[in-house]
Amino acid sequence: MEPIKVRLYDTYEGKVRDFIPLNPPEVDIYYCGPTVYNYVHLGNFRPTVTFDLLTRFLNAIGYQVKCVSNYTDIDDKIIKAALDKHETEKELSEFYIKAYEDCLGKLNILPLYDHPKASEYINKMASFIKDLEDNHTAYQAGDDVYFRVNSDPTYGQLSKQNIADLVSGARIDVNTKKESPLDFALWKMTDDEGIKFDTPIGKGRPGWHTECVVMVNSVFKKPLIDIHGGGFDLKFPHHENEIAQSEAHNHTRLANYWMHVGFLLTNGVKMSKSLGNSILAKDVLQRHSGNAVRLFFLSTNYRAPINYTEEALDSFDKVANRYLSSVRKATYQLQLKNIKEGQIITSDKEEFLLALADDLNVANAMTVLDRELKEINTLSMKKDADLEREADLVKTFTYISDILGLKFVFDPLTDEDRVNLQAYEEARVNKDYAKSDELRKVLSAKGIL
RNA sequence: GGUUCCAUAGCCAAGUUGGUAAGGCAAAGGACUGCAAAUCCUCAACCUGCGGUUCGAAUCCGCAUGGAACCUCCA
């Protein structure tokens, strides 16, 4: 099999580009994680699933992916929520981190290379900010430190905005301390309430945009990584500001490829906490399987918006169950007939991987899965089926679904199952339908029939 | 107002350099079956509209209509 050429859409360049890692076989991926002041809504997991898929795919074709996502556990909203609940910021964020990780498990997300928390990088952030002050790309205003956006001639490249338009479109900013309304806070002094960190640049807390750049630099120990991602709404200002700081500090754009994942919508409108139309991920994952939620996200190109409906999730539950029961049944049948494990069908594998290599074209990749499923079902029904072919199909199906992050678990076949199956078939031959129906109940409950 | 993006069958959705449209869901009919479930087969598109370029456009260009996002915290 030829080495697979991967193509990915890069927001920075505004086009699909050949993906060439900086230090193959290593690939670095960082995507912005949640601010943990609350239960996250389902939309927060679309990037998670997308970059998990990208990780699994790149690993499958021979790369060694280091995928990293952060927790923003220092933030104004966290401070406020902690005050409201009479908890410390740490107690609050730890609680919601745990809730988030519970969802990661249900969604079958691969363990990340690292999951840094902003609160653990404060000193590095402070010294990063100090550097920016020293090279005059940052300035103090009152007790706060701001980034001087005018210092970056490339500002706006990612979000395709120009500074003049941004200034004219900017809302009236009461903060007159800033040189320009576009300047953003790198460090905020904390007054009386809320968590504060004692650092050489003062007692306060870092701004969100600084947190991510510093964590990227620190975790990967390099100024430029392969892929930086997140939701579409992070393009501006968050990622734009990360790039600006990285340019000012390291003279790099921070990541070679910038990937942005489309929104989850409810009734055609973006799901967001401020709009009050959030559906919490933990609730959805209680009603629907992780497989179903994955299939739902995977049903649309990662860059396009996707509309949330319970009906859609219901239908993917059915699809997921169908996948499971077919694979389980076929696996049991092969075991009963003592057929050894099959081989991965190279042509199917290649067709699947090539589809994903095309900027994660999951829709085309999934056609391989559905085609195999159909053949597995057909072979399962036949009396004189080519069992080796069936074994190969099951093997390939499992391989492919694993890359998609789908997980099919079922109990191994027991001796009792074997006995029951034989008795069932004998009863049917003898037209003892009362007995066969009873055994059928038992066997189908286990998914053997 | 500025900047991006989208518009394909009842629903979801693919369509890489233009050559007459993958797949999934739902519905219907059929096959199989002692019955049921499951499964398999069959079945759907004037590609939002109007112009233009071309031998030929869902695919390129323009206009219109409809929708979304960003410009403020947001995955």
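By convention in this document, chain letters (A, B, ...) are assigned in the order of the sequence lines, proteins followed by strands, and residues within each chain are numbered from 1.
- Distances shorter than 4.0 Å separate some side-chain N or O of A/N377 from OP1 or OP2 on B/C40.
- Here A/F232 does not count as stacked on B/A75, because the ring centres are not under 5.5 angstrom apart with planes under 30°.
- If you check every strand for non-hydrogen atoms under 4.0 Å, A/S325 touches nothing.
- Within the structure, a side-chain polar atom (N or O) of A/K270 is placed less than 4.0 Å from OP1 or OP2 of B/C70.
- Contact annotation: A/N301 does not reach the phosphate of B/A13 (side-chain N/O to OP1 or OP2, under 4.0 Å).
- Ring geometry, A/W258 versus A/H228: the interplanar angle falls under 30°, so the pair is classed parallel (tilted spans 30 to 60°).
- In this structure, CG of A/D233 is placed 14 Å from C1' of B/U4, rounded to the nearest angstrom.
- Within the 4.0 angstrom heavy-atom criterion, only backbone atoms of the sugar-phosphate kind lie near A/G33; the bases stay farther away.
- Sequence order on RNA chain B of the closest nucleotides to A/G268 and A/K329 puts A/K329 first from the 5' end.
- Checking the phosphate oxygens (OP1, OP2) of B/A75, a side-chain nitrogen or oxygen of A/N44 falls inside 4.0 Å.
- Side-chain atoms of A/D432 stay outside donor-acceptor range of the base of B/G34, with no qualifying N/O pair under 3.5 Å.
- Stacking of A/R46 on the aromatic ring of A/F263 is not recorded, the 6.0 Å distance cut-off and the 45° axial limit not both being met.
- If you check every strand for non-hydrogen atoms under 4.0 Å, A/M366 touches nothing.
- For the 3.5 Å distance criterion, the side chains of A/E310 and A/H288 qualify, holding a donor opposite an acceptor.
- Using a 4.0 Å cut-off, some side-chain N or O of A/K318 falls inside it from OP1 or OP2 of B/A26.
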- [ ] Return one dot-bracket line describing RNA chain B 5' to 3' (Watson-Crick or G-U wobble pairs, both distances under 3.5 Å; ( ) same strand, [ ] crossing, | another strand, . none).
- [x] (((((((..(((..........)))..((((.......)))).....(((((.......))))))))))))....
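- The CG atom of A/L449 sits 17 Å away from the P atom of B/A36 (whole-angstrom rounding).
- A/V362 comes within 4.0 angstrom of no nucleic acid atom, judged by non-hydrogen atoms across all strands.
- Whole-Å rounding puts the A/M259 CE to B/C5 C1' distance at 17 Å.
- Heavy atoms of A/H41 sit under 4.0 angstrom from at least one base atom.
- For the P atoms, the distance from B/C46 to B/G10 is 9 Å, rounded to whole Å.
- What separates CZ of A/R303 from P of B/A13 is a distance of 15 Å, to the nearest Å.
- Residue A/L264 is in base contact, counting any heavy-atom pair closer than 4.0 Å across all strands shown.
- In this model, no donor atom of one side chain and acceptor atom of the other lie less than 3.5 Å apart for A/T35 and A/D75.
- Between the CG atom of A/L439 and the P atom of B/C35 there is a distance of 19 Å, given to the nearest Å.
- Aromatic ring centres of A/Y96 and A/Y39: separated by under 6.0 Å.
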May I have the list of side-chain donor-acceptor pairs in residues 430-441 of chain A shorter than 3.5 Å, sequence neighbours left out?
residue	atom	partner	partner atom	Å
A/N430	ND2	A/E426	O	3.2
A/D432	OD1	A/K435	N	3.3
A/S436	OG	A/Y433	O	3.2

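- Mapping A/G230 and A/K160 onto RNA chain B by nearest heavy atom places A/K160 at the nucleotide closer to the 5' end.
- Look at NZ on A/K273: it is 9 Å from C1' on B/A75, rounded to the nearest Å.
- Ring planes of A/F296 and A/Y308: perpendicular class, angle over 60° (limits at 30 and 60°).
- Within the nucleic acid shown, A/D358 comes within 4.0 Å of at least one base atom, counting heavy atoms only.
- Within 4.0 Å of A/T300, counting heavy atoms only, lie sugar-phosphate atoms of the nucleic acid but no base atom.
- Between A/S299 and B/C12 there is no side-chain polar atom (N or O) within less than 4.0 angstrom of OP1 or OP2.
- Atom CG in A/N361 sits about 14 Å away from atom P in B/G23, given to the nearest Å.
- Between the side chain of A/R440 and the base of B/A36 there is at least one donor-acceptor pair of N/O atoms closer than 3.5 Å.
- Side-chain atoms of A/T367 lie closest to B/A22 of the nucleotides B/A22, B/C35, B/C70.
- Few gaps surround NZ on A/K273; more than 12 heavy atoms of other groups in view lie less than 6.0 Å from it.
- Here A/R428 lies in heavy-atom contact (under 4.0 Å) with a base.
- Within a 6.0 Å sphere centred on NZ of A/K90, other residues, nucleotides and ligands contribute 12 heavy atoms or fewer.
- Between the side chain of A/K235 and the base of B/C70 there is no donor-acceptor pair of N/O atoms closer than 3.5 Å.
- Residue-level contact check: A/T378 touches the backbone only, with heavy atoms under 4.0 Å from sugar-phosphate atoms and none from bases.
- For the residue pair A/T154 / A/E247, no side-chain donor-acceptor distance below 3.5 Å is found, with atom types taken as modelled.
- Atom pair A/K374:NZ and B/G24:C1' shows a separation of 9 Å (rounding to whole Å applied).
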